[in-house]
Number of protein chains: 2
Amino acid sequence: MSRINKVIIAEDIKSIHLGLSSILEKFHIEKRDFVQYCDDAYIMIKKAVKDNSPYDLLITDLSFAKDHREVNFLNGEDLIKAVKNENKNIKILVFSIEDRLHKIEYFFNHLEIDAYVCKGRNDQKDLEKAIKAINQGNKYFSKSLSNLYTNKCHQEIDNYDIELLRMLEQGYNQSEISKIFKRKKVSPSSTSTIEKRINNLKNYFKAKNTINLIAKSKDLGII
Amino acid sequence: MSRINKVIIAEDIKSIHLGLSSILEKFHIEKRDFVQYCDDAYIMIKKAVKDNSPYDLLITDLSFAKDHREVNFLNGEDLIKAVKNENKNIKILVFSIEDRLHKIEYFFNHLEIDAYVCKGRNDQKDLEKAIKAINQGNKYFSKSLSNLYTNKCHQEIDNYDIELLRMLEQGYNQSEISKIFKRKKVSPSSTSTIEKRINNLKNYFKAKNTINLIAKSKDLGII
DNA sequence: AACAGCCTTACGGAAAACCGTAAAATTAGA
DNA sequence: TCTAATTTTACGGTTTTCCGTAAGGCTGTT
């Protein structure tokens with residue numbers, strides 16, 4: 001496995017650039033390009049392939065603020081999908097504030113990323129470990145994620161519950177949800193059970209009513 | 001107005017520290033202390049007052065990730081409120097990803113902060129401007145906020161509406177809200193009008209029902 | 001003073017949510 | 001395989017929300 005020595009970083013928050021730069025410097029990675037839009041990253045990656053000097057590694061954030069500029073790629077996920085088509089050998093390191101386990105698992109499983117580092121108190125050291133792992137041809141996924149503390153309570157909330165909460169959030173009433181679940185072959189689907197499950201969720205989150213339930217679910221980041 | 005020369009920075013994302021440090025270096029601010037927990041910032045600010053060498057400026061994030069450590073102050077807002085009691089002269093610069101106008105206005109009006117800089121593509125330059133403004137005894141609030149694109153629609157939503165949405169979010173039903181408004185002398189307070197106003201909000205936000213209304217309001221950052 | 005326009009309040013019927021009970025179906029265990 | 005336990009479904013009564021109509025009140029204009 002060849003050593004990383006040409007890197008592109010897609011990160012819209014300017015104040016993070018220096019922190020990333022200093023890590024790359026430690027690894028004596030001289031060729032490092034910073035961009036603040038996904039579109040720019042894509043263009044540069046594509047061009048580098050064409051010029052026969054492709055990037056070895058893309059470090060990218062997931063969420064990018066919208067501004068006046070019109071863009072094709074709204075977020076890191078879109079970018080990664082597109083980049084995979086242009087450069088099959090490029091390694092991907094996602095660097096994001098997102099610390100929810102099921103989201104991170106999604107990126108490993110569906111986007112085949114090579115490393116995930118969570119922005120936070122330990123991110124500099126995690127970045128070092130991640131790059132070291134990639135240099136050795138391994139994947140990296142920080143074990144020191146805070147979600148281990150916040151998500152333990154969420155384990156009792158399953159995908160059905162989340163789907164149900166999402167339906168409520170979108171404004172469907174109980175009988176509409178029942179019909180939709182029947183159509184999508186989601187079980188259970190009776191209005192009675194849906195009612196009961198909503199009630200369980202309200203008890204679980206100590207919500208006063210369904211409105212409060214959705215508010216709390218959103219605050220906790222479950223939906 | 002005396003020049004800033006002793007600063008404490010409360011920011012849990014380690015990768016941002018270097019970016020902040022380089023800005024402070026430009027202003028020749030030598031005394032800069034970085035902490036990753038609100039609690040530590042509070043303790044150090046309190047101690048500095050006691051030692052007769054108080055900080056001139058607190059730069060703080062708003063949201064701090066939870067981890068294994070038990071803390072008294074969960075977020076920047078709690079910290080700022082507490083700090084104001086310990087050091088009445090300290091300047092406050094909030095440095096956060098939050099770019100929704102309503103929230104930012106809240107910090108200026110209720111917490112009497114001195115500057116707000118939004119983490120983003122232009123944050124380094126905005127930080128410079130903010131510190132310059134504070135040095136001159138002025139307040140600073142970045143005009144280059146992306147919310148200018150998303151928030152123009154919110155001007156028609158007044159404080160009454162927001163209070164109403166907050167009540168709904170907390171799970172109060174219409175008659176409870178009516179009683180609370182009557183007690184707090186908030187007008188109008190009849191269940192009938194409350195019902196009507198909720199309906200107006202639903203039309204305005206094209207919400208299917210009240211649950212959807214609260215979900216949309218939270219997504220837009222109005223509450 | 002008279003009037004129009006807007007906001008507030010009141011009320012009644014229909015729809016949906018809420019709550020308890022109970023039957024039917026499914027699963028788990030002996 | 002039979003039984004016990006759990007989950008799903010069904011149903012009826014109560015509360016709350018939803019929606020239309022209409023009366024009452026405040027303000028500004030002529």
Side-chain angles (χ1 to χ4, degrees), chain A residues 153-220 222-223, chain B residues 153-220 222-223:
Chain A
C153 64
H154 298 176
Q155 285 166 1
E156 294 167 42
I157 305 297
D158 60 21
N159 286 338
Y160 182 86
D161 291 319
I162 290 170
E163 196 152 358
L164 194 49
L165 291 169
R166 290 235 168 86
M167 286 287 162
L168 290 171
E169 180 192 15
Q170 287 169 60
Y172 294 110
N173 68 30
Q174 296 179 6
S175 75
E176 284 173 322
I177 295 173
S178 171
K179 281 172 198 158
I180 292 168
F181 277 10
K182 278 183 171 61
R183 176 153 33 86
K184 296 207 296 178
K185 312 283 184 204
V186 175
S187 172
S189 63
S190 74
T191 53
S192 185
T193 299
I194 286 167
E195 191 184 318
K196 195 186 182 68
R197 296 291 281 253
I198 292 170
N199 207 43
N200 289 344
L201 287 165
K202 280 190 283 194
N203 289 331
Y204 184 77
F205 288 110
K206 295 177 183 57
K208 287 188 68 174
N209 58 25
T210 310
I211 297 171
N212 189 217
L213 170 65
I214 296 304
K216 286 189 170 182
S217 299
K218 289 179 81 71
D219 286 338
L220 289 168
I222 294 165
I223 53 174
Chain B
C153 63
H154 297 172
Q155 285 164 359
E156 295 167 42
I157 305 297
D158 61 19
N159 287 336
Y160 182 86
D161 292 320
I162 290 170
E163 195 152 0
L164 194 49
L165 291 169
R166 290 235 167 88
M167 286 288 161
L168 290 170
E169 180 193 15
Q170 288 168 58
Y172 295 109
N173 68 31
Q174 297 180 6
S175 74
E176 284 173 322
I177 295 172
S178 172
K179 282 172 197 159
I180 292 168
F181 278 9
K182 278 183 172 61
R183 178 153 31 88
K184 296 208 294 178
K185 312 283 184 205
V186 175
S187 172
S189 63
S190 75
T191 52
S192 187
T193 300
I194 287 167
E195 191 186 316
K196 195 184 182 67
R197 297 291 281 254
I198 292 170
N199 208 42
N200 289 344
L201 287 166
K202 279 190 284 194
N203 290 331
Y204 184 76
F205 288 111
K206 295 176 183 55
K208 288 189 66 174
N209 58 24
T210 311
I211 297 171
N212 189 218
L213 170 65
I214 296 303
K216 286 189 170 181
S217 299
K218 289 179 80 72
D219 286 339
L220 290 168
I222 293 163
I223 54 175

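Proteins get letters first, then strands, A, B, ... in listed order; numbering begins at 1 in each.
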Q | Nucleic acid contacts - residues 173-192 of chain B versus DNA chain C, non-hydrogen atoms under 4.0 Å | A |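 DNA chain C contact set from residues 173-192 of chain B: Pro188(B), Ser189(B), Ser190(B), Ser192(B).
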
Q) Among dT8(D), dC18(C), dG20(D), which nucleotide sits nearest the side chain of Glu195(A)? A)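 Selected nucleotide (nearest to the side chain): dC18(C).
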
Would you kindly give the [atom1]-to-[atom2] distance between [X] and [N], to the nearest whole Å?
X	N	atom1	atom2	answer
Asn200(A)	dT7(D)	CG	P	9 Å
Leu168(B)	dT16(D)	CG	P	15 Å
Asn212(B)	dC18(D)	CG	C1'	15 Å
Ile198(B)	dC7(C)	CD1	P	17 Å
Lys208(A)	dC19(C)	NZ	P	12 Å
Lys196(A)	dA22(C)	NZ	P	13 Å
Asn209(A)	dA17(C)	CG	C1'	10 Å

Is there a side-chain contact between [X] and the phosphate of [N], meaning an N or O under 4.0 Å from OP1 or OP2?
X	N	value
Arg197(B)	dT8(C)	yes
Lys202(B)	dC18(D)	yes
Thr210(B)	dC18(D)	yes

Q.
With side chain to side chain contact (heavy atoms under 4.5 Å, CB included) as the criterion, how do Ile177(B) and Lys182(B) come out once you've worked through the C-alpha distance, each side chain's angles and the decisive distance to 0.1 Å?
A. CA-CA 8 Å; Ile177(B) 295 172; Lys182(B) 278 183 172 61; over 6 Å; no

Q: List in chain and number order the residues that pass ring pair (Phe, Tyr, Trp, His ring centres under 6.0 Å) with Tyr172(B), two or more places apart in sequence or in another chain; answer none if no residue qualifies.
A: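 Expected list: none.
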
(Q) Check this for me: does any side-chain nitrogen of one of Lys184(B) and Glu163(B) sit under 4.0 Å from a carboxylate oxygen of the other? (A)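 Yes.
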
Q) Between Glu169(A) and Lys218(B), does at least one N-O distance fall below 4.0 Å, as a salt bridge requires? A)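 No, Glu169(A) and Lys218(B) are not salt-bridged.
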
Q.
Which is more 5' along DNA chain C, the nucleotide nearest Ile194(B) or the one nearest Ile211(B)? Just name the residue.
A.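 Its nucleotide being nearer the 5' end, the pick is Ile194(B).
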
**Q.** Leu213(B) vs Leu165(B) side-chain heavy atoms within contact, under 4.5 Å
**A.**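 Heavy-atom side-chain distance check passes, below 4.5 Å.
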
So how far is it from [X] [atom1] to [Y] [atom2], rounded to the nearest 0.5 Å?
X	Y	atom1	atom2	value
Ser189(B)	Ile180(B)	OG	CD1	11.5 Å
Ile223(B)	Ile214(B)	CD1	CD1	4.5 Å
Lys202(B)	Arg197(B)	NZ	CZ	14.5 Å

**Q.** Terminal helix-axis angle for the helix from dA1(C)-dT30(D) to dA30(C)-dT1(D), with five pairs defining each axis and rounding to 10 degrees
**A.**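 Rounded to the nearest 10 degrees, the bend comes out at 30°.
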
Q. Quick one: does Asn209(B)'s side chain have a donor or acceptor within less than 3.5 Å of a partner on Gly171(A)'s backbone?
A.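 Answer holds: yes.
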
